[in-house]
**Student:** 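One structure coming up, written as structure tokens, with questions to follow.
Values in this document were obtained by computation on a predicted structure and should not be read as measured data.
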Amino acid sequence: MVEFFFQAIGIAVIFLLGCVGETLTEKSGHLNLGIPGIMCVGAAGGILGVVVANNANGFLSILLAVIFAAVFAAIAGGIYAFLTVTLRCNQNVTGLALTIFGNGFSSVFINNIIKIEGDSGHGAMLSEAGNKFFLAHLPFSDLLGWFGKIFLGHGVLIYVAIAIAVVAAIVLRFTRIGLNLRAVGESPATADAAGINVTAYKYSFILIGSAIAGLGGMLYVMQLMHGIVGAELAGTVEGIGWLCVALVIFTLWKPALAILGSFIFGALYIFPSFLNVFFPDATFTFAQLKLFPLIPYVATIIVLVVTSIIGNKENQAPAALGLSYFREDR
């Protein structure tokens with residue numbers, strides 16, 4: 001049971017970063033269905049950062065991985081922002097195209113790196129020193145039994161991801177920047193009339209949201225794969241990205257609630273791997289095993305239906321979500 005919760009938190013923070021990144025983007029009024037592709041690009045950027053660091057110390061490997069992942073993802077987000085904010089392209093079509101591009105780009109990128117490493121199957125991109133540094137936990141956590149293992153036995157980036165979610169929640173809820181951003185997402189024309197630079201807010205938070213989501217893709221490589229990558233990596237990260245998009249709805253566009261929601265999604269994601277632990281005497285068919293990954297999507301649909309019936313504006317998507325803003329029509 002302890003191992004289940006430990007691993008659930010490890011995968012949960014990946015969902016958390018993708019969810020927070022998409023939430024910030026949607027708060028600006030943009031439905032970015034390119035988040036799965038952006039997370040793939042972030043994963044590719046993180047791998048490149050480790051390759052650039054080469055055999056450097058662990059701290060430099062992780063630092064460059066974070067920087068490259070955020071920059072790569074922000075560039076991908078910048079493409080989306082230019083097409084949807086400046087050129088006012090359809091957000092859904094642009095996002096889907098970006099996901100396809102991100103998956104293809106990262107697949108080609110990773111395959112080339114694997115060839116450079118000289119291994120046709122997998123490439124160990126993270127050095128042993130870098131891997132140890134990333135997974136290093138508080139020294140006294142081993143003395144606290146199950147509590148230390150579950151809550152204090154993770155690498156530093158796990159806690160950085162949670163801090164990002166907390167900061168995002170505070171900014172959205174208690175600062176003028178957050179108030180202006182929510183105004184842009186609800187009614188850009190009204191925000192524009194009030195003197196808020198709508199274009200600047202849209203660009204800024206699309207880029208910030210993309211960079212945060214990209215860190216989620218990088219964290220998947222470092223946290224779950226321990227730096228070992230293969231040709232199937234992009235497809236796996238894309239699947240996680242779609243779950244992150246669903247998680248935004250599940251958590252009602254609230255970064256603070258995303259911390260709990262991401263843990264639930266993380267637990268459901270790894271639950272099939274622990275079936276023999278929870279149900280040692282049960283036998284599951286192949287069809288039954290395939291049903292478990294659908295649970296997060298079903299839960300999201302239920303939340304969407306319930307919140308629509310209740311009609312509480314605080315729990316609804318931004319009013320201008322998915323709509324291009326034409327200043328000339330104001």
**Student:** Run the numbers on Ile75 and Val71 for side chain to side chain contact (heavy atoms under 4.5 Å, CB included), then give the verdict.
**Tutor:** CA-CA 6 Å; Ile75 291 174; Val71 170; 4.0 Å; yes
**Student:** With side chain to side chain contact (heavy atoms under 4.5 Å, CB included) as the test, would you mind laying out the steps for Asp192 and Tyr325 before giving the verdict?
**Tutor:** CA-CA 10 Å; Asp192 197 358; Tyr325 174 53; 2.8 Å; yes
**Student:** Is there a path of hydrophobic side-chain contacts, each under 4.5 Å between heavy atoms, that joins Val93 and Leu83?
**Tutor:** no
**Student:** With hydrophobic residues grouped by side-chain heavy-atom distances under 4.5 Å, do Phe82 and Val85 end up in a single group?
**Tutor:** yes
**Student:** Give, for atom CD of Gln91 and atom CG of Leu321, the distance between the pair rounded to the nearest 0.5 Å.
**Tutor:**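 So the CD of Gln91 and the CG of Leu321 are separated by 7.0 Å.
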**Student:** How far apart are the closest heavy atoms of Ile206 and Gly77, and which atoms are they?
**Tutor:**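 Answer, listing the atom of Ile206 first, then Gly77: CG2-O, 3.5 Å.
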**Student:** Could you work out, with ring pair (Phe, Tyr, Trp, His ring centres under 6.0 Å) as the rule, every residue matching Tyr203, not counting sequence neighbours?
**Tutor:** none
**Student:** When you compare the side chain of Ser106 with that of Val237, does any pair of heavy atoms fall below 4.5 Å?
**Tutor:** no
**Student:** Can you give me the closest heavy-atom contact between Ile35 and Ala213, atom names plus distance?
**Tutor:**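 What the structure gives for the nearest pair is CD1-CB, 3.9 Å.
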**Student:** Distance from Ile249 atom CD1 to Ile302 atom CD1, nearest 0.5 Å?
**Tutor:**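 Separation between the atoms: 13.5 Å.
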**Student:** Write down the atom of Leu207, the atom of Ala74, and the distance for their closest heavy-atom approach.
**Tutor:** CD2-O, 3.2 Å
**Student:** Can you name the side-chain contact (heavy atoms from CB on, under 4.5 Å) partners of Ala65, sequence neighbours left out?
**Tutor:**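 Per chain and number, Ala65 pairs via side-chain contact (heavy atoms from CB on, under 4.5 Å) with Val50, Met218, Met222.
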**Student:** Would you call the rings of Phe6 and His154 parallel, tilted or perpendicular if under 30° counts as parallel and over 60° as perpendicular?
**Tutor:** parallel
**Student:** Among all residues two or more places apart in sequence or in another chain, which pass the side-chain hydrogen bond (donor to acceptor under 3.5 Å, both in side chains) test with Lys202?
**Tutor:** His30
**Student:** Do the rings of Phe205 and Tyr201 sit parallel, tilted or perpendicular, given the 30° and 60° boundaries?
**Tutor:** parallel
**Student:** Starting at CG of Leu215, measure out to CD1 of Ile67 and round the result to the nearest 0.5 Å.
**Tutor:**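 Taking CG in Leu215 and CD1 in Ile67, the distance rounds to 10.5 Å.
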**Student:** Please list, chain by chain and in numerical order, all residues satisfying ring pair (Phe, Tyr, Trp, His ring centres under 6.0 Å) with Phe68, sequence neighbours excluded.
**Tutor:**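 Partners of Phe68 under the ring pair (Phe, Tyr, Trp, His ring centres under 6.0 Å) test: none.
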**Student:** Looking only at non-hydrogen atoms, find the nearest pair between Ala73 and Ile38 and report the distance.
**Tutor:**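 Nearest pair, atom of Ala73 first, then Ile38: CB-CG2, 3.7 Å.
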**Student:** With sequence neighbours excluded, tell me which residues meet side-chain hydrogen bond (donor to acceptor under 3.5 Å, both in side chains) with Thr251.
**Tutor:**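 Applying side-chain hydrogen bond (donor to acceptor under 3.5 Å, both in side chains) to Thr251 gives none.
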**Student:** Donor-acceptor pairs under 3.5 angstrom involving side-chain atoms of residues 8-22: please list them, not counting sequence neighbours.
**Tutor:**
residue : atom : partner : partner atom : Å
Glu22   : OE2  : Asn32   : N            : 3.4

**Student:** Any chain of hydrophobic side-chain contacts (each under 4.5 Å) joining Val184 to Leu179?
**Tutor:**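 Shared cluster, no.
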**Student:** Around atom CD1 of Ile177, are there more than 12 heavy atoms of other residues, nucleotides or ligands at under 6.0 Å?
**Tutor:**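 No, not enclosed.
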**Student:** Minimum heavy-atom separation for Thr84 to Tyr80, with atom names?
**Tutor:** OG1-O, 2.7 Å
**Student:** Measure across Ile196 and Ala183 and return the closest heavy-atom pair with its distance rounded to 0.1 Å.
**Tutor:**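 Closest approach of Ile196 to Ala183: CD1-CB, 4.3 Å.
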**Student:** Give, for atom CD1 of Ile240 and atom OH of Tyr220, the distance between the pair rounded to the nearest 0.5 Å.
**Tutor:** 5.5 Å
**Student:** Which side-chain N or O atoms in residues 168-176 pair as donor and acceptor under 3.5 Å with protein atoms at least two apart or in another chain?
**Tutor:**
residue : atom : partner : partner atom : Å
Thr175  : OG1  : Val171  : O            : 2.5
Thr175  : OG1  : Gly178  : N            : 3.1

**Student:** Go through the structure and list residues passing salt bridge (Lys or Arg N to Asp or Glu O under 4.0 Å) with Glu238, not counting sequence neighbours.
**Tutor:**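 Applying salt bridge (Lys or Arg N to Asp or Glu O under 4.0 Å) to Glu238 gives none.
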**Student:** Going from CZ on Phe151 to CD1 on Ile158, what distance comes out if it is rounded to the nearest 0.5 angstrom?
**Tutor:** 14.0 Å
**Student:** Identify whether Leu323 and Leu24 are in the same connected component of the hydrophobic contact network (ILVMFWY, side-chain heavy atoms under 4.5 Å).
**Tutor:**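 Unlinked, Leu323 and Leu24 end up in two clusters.
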**Student:** How long is the straight-line distance from CD1 of Ile212 back to CE of Met39, given to the nearest 0.5 Å?
**Tutor:**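 Nearest 0.5 Å value for the CE-CD1 distance: 12.0 Å.
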**Student:** Sequence neighbours left out, what passes side-chain hydrogen bond (donor to acceptor under 3.5 Å, both in side chains) with Thr94? Give chain and number order.
**Tutor:**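 Per chain and number, Thr94 pairs via side-chain hydrogen bond (donor to acceptor under 3.5 Å, both in side chains) with no residue.
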**Student:** Do any side-chain atoms of residues 40-47 form donor-acceptor pairs under 3.5 angstrom with protein atoms, and if so which ones, sequence neighbours left out?
**Tutor:**
none

**Student:** Quick one: side-chain contact (heavy atoms from CB on, under 4.5 Å) partners of Ala320, sequence neighbours excluded?
**Tutor:** Pro188
**Student:** Throw together a table of side-chain donor-acceptor distances under 3.5 angstrom for residues 255-263, partners on residues two or more places apart or in other chains.
**Tutor:**
residue : atom : partner : partner atom : Å
Ser262  : OG   : Ala258  : O            : 2.9
Ser262  : OG   : Ile259  : O            : 2.9

**Student:** Under 4.5 Å between side-chain heavy atoms, counting indirect links through other Ile/Leu/Val/Met/Phe/Trp/Tyr residues: same cluster for Ile100 and Phe109 or not?
**Tutor:**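 Ile100 and Phe109: separate clusters.
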**Student:** Ignoring hydrogens and angles, tell me if any N or O in the side chain of Ser324 forms a donor-acceptor pair with the backbone of Asn90 under 3.5 Å.
**Tutor:**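 No: the side chain of Ser324 does not pair with the backbone of Asn90.
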